[in-house]
There are 4 protein chains.
Amino acid sequence: MSSTSPVLFDIQPQLATPIYRQVVEQVQRLVAGGQLAAGDELPSVRAVAERHAINPMTVSKAYSLLEAEGLLERRRGLGMVVAASAQPARVGGDRLALLEPALLAVARQANQLGVTPAQAVKALEQAFQSIEQDRP
Amino acid sequence: MSSTSPVLFDIQPQLATPIYRQVVEQVQRLVAGGQLAAGDELPSVRAVAERHAINPMTVSKAYSLLEAEGLLERRRGLGMVVAASAQPARVGGDRLALLEPALLAVARQANQLGVTPAQAVKALEQAFQSIEQDRP
Amino acid sequence: MSSTSPVLFDIQPQLATPIYRQVVEQVQRLVAGGQLAAGDELPSVRAVAERHAINPMTVSKAYSLLEAEGLLERRRGLGMVVAASAQPARVGGDRLALLEPALLAVARQANQLGVTPAQAVKALEQAFQSIEQDRP
Amino acid sequence: MSSTSPVLFDIQPQLATPIYRQVVEQVQRLVAGGQLAAGDELPSVRAVAERHAINPMTVSKAYSLLEAEGLLERRRGLGMVVAASAQPARVGGDRLALLEPALLAVARQANQLGVTPAQAVKALEQAFQSIEQDRP
DNA sequence: GTGGTCTAGACCACA
DNA sequence: GTGGTCTAGACCACC
């Protein structure tokens with residue numbers, strides 16, 4: 001999967017979470033999910049910057065943080081690749097742990113909104129479907 | 001419900017979202033969920049500040065934004081109350097709309113993590129249970 | 001016009017209306033009057049603060065309110081610009097609507113003072129002339 | 001005129017100017033305009049408070065300020081009356097001076113809105129007409 | 001460089 | 001008692 005199509009980041013500048021964080025977290029999740037495997041190339045800083053009309057330094061910062069974290073490696077003159085040491089989360093539980101903050105936020109907000117767990121679950125299933133349509 | 005117990009905010013300083021935003025969003029949801037009705041009094045700036053050990057100006061900023069938004073009204077010299085024009089979301093759909101950003105975030109993150117919708121739904125149900133324990 | 005000279009705020013600390021409100025209202029009027037167009041940059045918080053010898057937070061508060069109102073947009077790390085959605089009042093009538101509260105105040109006060117409409121009109125014309133002299 | 005109908009204050013709690021100030025300024029203008037003459041009785045604190053659903057202390061504060069200013073006198077057990085020393089503004093110029101702040105505000109706002117003096121004058125005349133209709 | 005957030009504390013205005 | 005305004009200064013985040 002990683003060799004067929006280049007990674008496309010889902011960047012939304014209008015969100016509160018800073019752009020470089022959006023990049024960092026997406027790479028983390030794509031690696032944990034196995035969609036980015038050791039040795040896979042990442043799009044160049046310039047390519048990402050132009051594609052999303054953002055500052056190259058912002059992309060560079062994200063990549064640097066991921067490098068410092070050990071998830072990416074810098075291949076001189078070639079760009080960044082997923083580090084050999086990077087492994088997808090072994091078991092489902094590890095992946096769910098990464099998802100938990102978002103899940104807790106949903107649960108808390110639903111309570112305050114007076115939305116029942118059953119309603120929230122149903123709405124989550126619909127959310128998955130609406131996401132599907134974006135990238136069939 | 002609004003007359004029985006004073007509003008309690010759930011403030012978590014360690015979160016990335018600033019404190020004043022946490023207050024703003026909670027009031028928005030409590031009104032939409034009907035737990036705060038038109039005319040209900042909000043806890044005073046000083047009371048909230050002392051209760052959560054934060055600066056009064058932080059609370060004041062949140063209240064001011066909610067007033068600008070039309071959700072709160074200032075009773076001069078008395079305090080803030082929920083605006084007469086503030087209405088709870090009439091139907092469940094409106095409440096779910098407020099929940100949608102968080103739901104989409106979960107769905108997107110789950111996809112990137114390789115977590116299936118079914119697994120996410122199950123995890124969400126567990127998240128609701130772990131929240132329950134906080135306020136029995 | 002917007003590209004030739006940076007915006008200059010007319011701040012008068014001795015007035016009853018708070019400084020941050022003066023800034024907010026002036027930006028609203030300058031946009032409605034077309035003297036600030038979509039995309040125009042606003043002077044930085046620090047520049048305004050130093051220019052008028054006021055606290056940066058006071059300016060920041062004004063800008064934040066204008067952002068919440070949708071009139072300004074934050075260019076992260078760069079500064080504030082007039083929002084793309086901000087439009088000058090299309091017809092003169094819209095501008096006069098913004099002027100109406102002040103006009104009604106004059107009319108009401110004139111009536112209570114026993115000043116005739118004709119006298120008030122003449123005095124208003126003189127007021128325009130005295131304003132002219134401030135910025136030739 | 002003052003003997004035929006009791007004074008009616010025009011109080012608007014939603015305005016930024018505090019209620020007690022609205023009362024103070026109106027009395028000042030009504031005296032300057034000759035609509036309230038020396039010896040005229042003012043409505044009682046309680047009457048005003050009930051009529052406008054405001055706090056009696058607010059009215060009392062306004063009356064006290066006007067007394068301190070020498071414009072009103074306290075007749076024990078009878079209420080407040082316009083002071084014997086209170087005189088209407090002798091010439092029109094004095095009255096216009098009291099109107100000037102409001103006029104300057106209109107001129108300044110019009111300039112920022114791109115409204116010409118001629119347009120503003122015309123709008124002011126219309127404002128007078130719309131006021132007329134309220135109290136024929 | 002830009003704006004954002006929070007604190008601590010003072011003083012004012014309103015009811 | 002209530003909230004509002006402003007200051008001074010620190011620290012952070014983003015570009």
Side-chain angles (χ1 to χ4, degrees), chain A residues 13 15-24 49 53-62 65, chain B residues 11 13 15-23 41-49 52-68 72-81, chain C residues 11 13 15-23 41-49 52-68 72-81, chain D residues 13 15-23 45 49 53-62 65:
Chain A
L15 286 188
T17 56
I19 298 172
Y20 85 94
R21 277 249 113 228
Q22 296 183 32
V23 174
V24 166
I54 59 179
N55 194 313
M57 280 191 56
T58 306
V59 185
S60 179
K61 178 173 180 177
L65 285 174
Chain B
I11 294 179
L15 286 188
T17 55
I19 297 173
Y20 83 93
R21 277 254 111 223
Q22 296 184 33
V23 175
E41 291 182 9
L42 275 86
S44 81
V45 166
R46 291 162 169 87
V48 176
H52 296 93
I54 58 180
N55 191 299
M57 269 205 65
T58 304
V59 185
S60 179
K61 182 175 182 178
Y63 281 9
S64 295
L65 285 173
L66 287 162
E67 187 198 10
L72 298 186
E73 276 173 8
R74 229 184 340 192
R75 293 261 183 268
R76 290 203 263 196
L78 300 178
M80 310 287 294
V81 301
Chain C
I11 295 179
L15 286 187
T17 56
I19 297 173
Y20 83 93
R21 276 252 113 228
Q22 296 184 33
V23 174
E41 291 181 10
L42 274 87
S44 81
V45 165
R46 291 160 168 87
V48 175
H52 295 95
I54 57 179
N55 190 300
M57 266 205 67
T58 305
V59 186
S60 179
K61 182 175 180 178
Y63 281 9
S64 295
L65 286 173
L66 287 162
E67 187 199 9
L72 297 186
E73 277 174 7
R74 232 184 340 193
R75 294 262 183 267
R76 290 204 262 198
L78 301 177
M80 312 286 294
V81 301
Chain D
L15 285 188
T17 55
I19 297 171
Y20 85 93
R21 279 252 109 223
Q22 297 184 32
V23 174
V45 166
I54 58 180
N55 194 313
M57 282 193 55
T58 305
V59 185
S60 179
K61 178 173 181 178
L65 284 173

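By convention in this document, chain letters (A, B, ...) are assigned in the order of the sequence lines, proteins followed by strands, and residues within each chain are numbered from 1.
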**Prompt:** Out of dC15(F), dG3(F), dC6(F), which nucleotide sits closest to the side chain of V45(B)?
**Reply:** dG3(F)
**Request:** Let me know the distance between CZ of R21(A) and P of dA13(F), rounded to the nearest Å.
**Result:** 10 Å
**Request:** Grab the CG-P distance between L66(B) and dG4(F) for me, whole Å please.
**Result:** 11 Å
**Fill in**
Between T58(C) and G77(C), whichever has its closest DNA chain F nucleotide further toward 5' is T58(C)
**Request:** Considering just the side-chain nitrogens and oxygens of S60(B), establish if one lies under 4.0 Å of OP1 or OP2 belonging to dG4(F).
**Result:** yes
**Request:** Please determine if a side-chain N or O atom of K61(B) lies less than 4.0 Å away from the OP1 or OP2 oxygen of dT5(E).
**Result:** yes
**Asked** Hey, which of these two, R76(B) or S44(C), hits DNA chain E nearer its 5' end, going by closest nucleotide?
**Response** S44(C)
**Message:** Does dG4(F) have OP1 or OP2 under 4.0 Å away from a side-chain N or O of R74(B)?
**Reply:** yes
**Separation of dA13(E) P from Y20(D) OH (nearest whole Å)** = 6 Å
**Request:** Using a heavy-atom cut-off of under 4.0 Å over every strand shown, decide if N55(B) touches base, sugar-phosphate, or nothing.
**Result:** base
**Request:** Check the distance between dG3(F)'s P and M80(B)'s CE and give it to me in whole angstrom.
**Result:** 8 Å
**Message:** Looking at E41(B), I want to see if its CD is surrounded by more than 12 non-hydrogen atoms of other residues, nucleotides or ligands under 6.0 Å.
**Reply:** no
**Message:** Between C1' on dG4(E) and CD on E67(C), what's the gap in Å once rounded to a whole number?
**Reply:** 10 Å
**Prompt:** Between I19(B) (CD1) and dG4(E) (C1'), how many Å, whole number?
**Reply:** 13 Å
**Item:** N/O donor-acceptor pair, side chain R75(C) with base dG3(E), under 3.5 angstrom
**Value:** no
**Request:** Could you tell me the separation between the CD1 atom of I11(C) and the P atom of dT5(F), rounded to a whole number of Å?
**Result:** 15 Å
**Message:** Which is more 5' along DNA chain E, the nucleotide nearest Y63(C) or the one nearest I54(B)? Just name the residue.
**Reply:** Y63(C)
**Prompt:** Nearest-Å distance, CE (M57(D)) to P (dA15(E))?
**Reply:** 10 Å
**Message:** So, under a plain 3.5 Å distance rule, would you say the side chain of R46(C) forms a donor-acceptor pair with the base of dG3(E)?
**Reply:** yes
